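FYI, side chains are in, hydrogens and waters are out, and symmetry mates aren't considered; it's all heavy atoms of this structure. This structure is a prediction, so every number in the text was calculated from the model and none was measured.
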Amino acid sequence: MLAISTSDAQQWSISGTAYDIDSKKIIYTEHYQLEVGEQGLPTKAQVQYRDPDGQEFASKTIDYHHNSVAPDIDFFDQRNQTSIVVSHQPQTIEIRSRHDNQVEIQKVDYQPDENVVIDAGFNRFVLQHWDALLAGKKILFSFLSIDRAKLIDFSLEKISQNQQQLVLAIKPDSFFVGLMVDPIYLTYSIESKKLVIYQGLTNLQRSKDGTLQNGNFVARIEYVYHQQSSP
């Protein structure tokens with residue numbers, strides 16, 4: 001999921017702990033195995049999502065080879081046996097969903113000059129605009145809403161900064177959409193340029209006592225990074 005600033009090919013193990021915003025209780029954990037190429041760009045990631053008891057309930061493969069900010073996604077939710085495959089092509093995004101042996105294919109078109117971001121590609125997008133964000137510039141982009149099969153315009157800008165951390169906010173660019181969607185807050189380490197805290201709406205459907213609920217989890221996710229030894 002998360003790009004690492006380096007000139008050497010590496011593998012990273014990244015763990016994220018998601019806390020409920022109100023109760024502060026752990027609601028799930030994320031476990032990434034990230035491959036990073038020689039230019040410091042992510043190439044592929046395998047992700048496991050586990051409940052507080054350590055049982056895996058969903059998984060995802062992220063393929064950054066074609067586009068580091070709009071990667072291909074292959075997601076499977078064991079709780080309802082739903083799979084979602086997102087394929088990024090020039091000027092077209094295909095979303096293939098499978099549930100109860102029913103397959104739905106949707107396509108989203110976009111313009112060549114549009115800043116399109118998909119899923120975990122937001123992190124690479126932040127790094128591409130790091131200096132501009134530090135300088136206080138607002139960056140506009142279009143984020144793929146997989147559930148709605150449409151692109152939604154957002155803005156990304158600095159909220160605060162100290163010697164250790166940079167805090168950014170992702171907000172809908174539309175005033176009316178902003179009335180219905182809360183901002184997402186990203187906290188980065190200034191030194192490493194790594195995402196350390198994500199706070200806001202997640203891409204995982206809510207569940208309670210084993211039963212799926214309407215809407216997605218809203219969480220504070222804290223990340224820890226471990227570089228793996230080369231074979």
Side-chain angles (χ1 to χ4, degrees), residues 1-3 18 28 30 32 42-49 56-126 128 139-156 170-184 186 198 200-207 211-219 221:
M1 172 182 179
L2 308 176
Y28 65 88
E30 305 176 355
Y32 295 81
T43 56
K44 191 173 183 179
Q46 301 286 346
V47 189
Q48 292 182 339
Y49 299 94
E56 180 181 331
F57 66 87
S59 60
K60 180 168 64 178
T61 299
I62 308 171
D63 188 341
Y64 295 94
H65 282 93
H66 299 296
N67 193 312
S68 63
V69 300
D72 292 346
I73 305 295
D74 190 341
F75 173 79
F76 180 67
D77 194 328
Q78 300 176 17
R79 299 171 300 176
N80 57 6
Q81 298 296 299
T82 295
S83 68
I84 299 173
V85 177
V86 179
S87 301
H88 175 261
Q89 303 168 2
Q91 298 183 238
T92 302
I93 301 166
E94 181 181 282
I95 304 171
R96 181 185 295 265
S97 305
R98 178 185 293 273
H99 180 67
D100 290 336
N101 294 321
Q102 299 294 318
V103 177
E104 181 180 14
I105 300 176
Q106 298 170 290
K107 294 190 176 183
V108 181
D109 296 329
Y110 64 93
Q111 298 301 314
D113 58 349
E114 201 169 354
N115 281 330
V116 174
V117 177
I118 298 176
D119 198 77
F122 81 84
N123 185 72
R124 184 62 199 168
F125 186 77
V126 167
Q128 286 181 352
I139 308 296
L140 302 179
F141 66 99
S142 299
F143 191 81
L144 177 67
S145 171
I146 297 176
D147 294 340
R148 300 180 184 180
K150 65 181 296 185
L151 293 170
I152 300 177
D153 293 333
F154 283 89
S155 66
L156 173 68
I170 297 177
K171 302 177 182 179
D173 194 43
S174 165
F175 170 78
F176 296 104
V177 176
L179 295 176
M180 299 177 290
V181 179
D182 291 331
I184 292 172
L186 311 172
Y198 172 105
L201 186 67
T202 72
N203 57 2
L204 291 176
Q205 187 173 351
R206 293 174 58 246
S207 62
T211 302
L212 291 174
Q213 309 287 312
N214 291 329
N216 289 5
F217 285 118
V218 177
I221 309 175

Find out whether [X] and [Y] are in side-chain contact, i.e. whether some heavy atom of one side chain is under 4.5 Å from a heavy atom of the other.
X    : Y    : result
L186 : Y198 : yes
L144 : I95  : yes
I170 : F141 : yes
V47  : Y32  : yes

| remark: Sequence neighbours excluded, the answer for ring-ring contact (aromatic ring centres under 6.0 Å, His included) partners of F217 is Y28

| task | Not counting sequence neighbours, which residues clear ring-ring contact (aromatic ring centres under 6.0 Å, His included) with F57? List them please. | result | none

Can you tell me how far the [atom1] atom of [X] sits from the [atom2] atom of [Y], to the nearest 0.5 Å?
X    : Y    : atom1 : atom2 : answer
N216 : L204 : CG    : CG    : 7.0 Å
I184 : F143 : CD1   : CZ    : 7.0 Å
I93  : K107 : CD1   : NZ    : 12.0 Å
N80  : T211 : CG    : OG1   : 12.0 Å
I84  : S97  : CD1   : OG    : 5.0 Å
I152 : K150 : CD1   : NZ    : 6.0 Å

| request: Indicate yes or no for a side-chain donor-acceptor contact from Q205 to the backbone of Q213 under 3.5 Å, with no hydrogens or angles considered. | output: yes

| task | Keeping to residues at least two apart or across chains, list the ring-ring contact (aromatic ring centres under 6.0 Å, His included) pairs with something in residues 68-112. | result | H88-Y110

For residues [X] and [Y], report the shortest heavy-atom separation together with the two atoms involved.
X    : Y    : value
A149 : V108 : O-CG2, 3.3 Å
R79  : D77  : NH2-OD2, 2.7 Å
S68  : R124 : OG-CG, 3.3 Å
P71  : Y64  : CB-CD2, 3.8 Å

| note | Taken in chain and number order and not counting sequence neighbours, the residues that satisfy side-chain hydrogen bond (donor to acceptor under 3.5 Å, both in side chains) with N214 are none

| said: Applying side-chain hydrogen bond (donor to acceptor under 3.5 Å, both in side chains), can you list everything that pairs with H65, at least two apart in sequence or on another chain? | reply: D63

| said: Between S59 and Q48, does the side chain to side chain donor-acceptor pair (under 3.5 Å) criterion hold? Intermediate values first, please. | reply: CA-CA 5 Å; S59 60; Q48 292 182 339; over 6 Å; no

Considering only distance and modelled atom types, tabulate donor-acceptor pairs under 3.5 Å from the side chains of residues 111-122, sequence neighbours left out.
{"from": "E114", "atom 1": "OE1", "to": "Q111", "atom 2": "N", "distance (Å)": "3.1"}
{"from": "E114", "atom 1": "OE2", "to": "S142", "atom 2": "OG", "distance (Å)": "2.9"}
{"from": "N115", "atom 1": "ND2", "to": "L140", "atom 2": "O", "distance (Å)": "3.3"}
{"from": "D119", "atom 1": "OD1", "to": "K60", "atom 2": "NZ", "distance (Å)": "3.3"}
{"from": "D119", "atom 1": "OD1", "to": "N203", "atom 2": "ND2", "distance (Å)": "3.2"}
{"from": "D119", "atom 1": "OD2", "to": "K60", "atom 2": "NZ", "distance (Å)": "2.9"}

| request: Determine, step by step, whether T61 and I73 satisfy the side-chain contact (heavy atoms from CB on, under 4.5 Å) criterion, reporting the C-alpha distance in whole Å, the side-chain angles of both residues, the deciding distance to 0.1 Å, and the verdict. | output: CA-CA 6 Å; T61 299; I73 305 295; over 6 Å; no

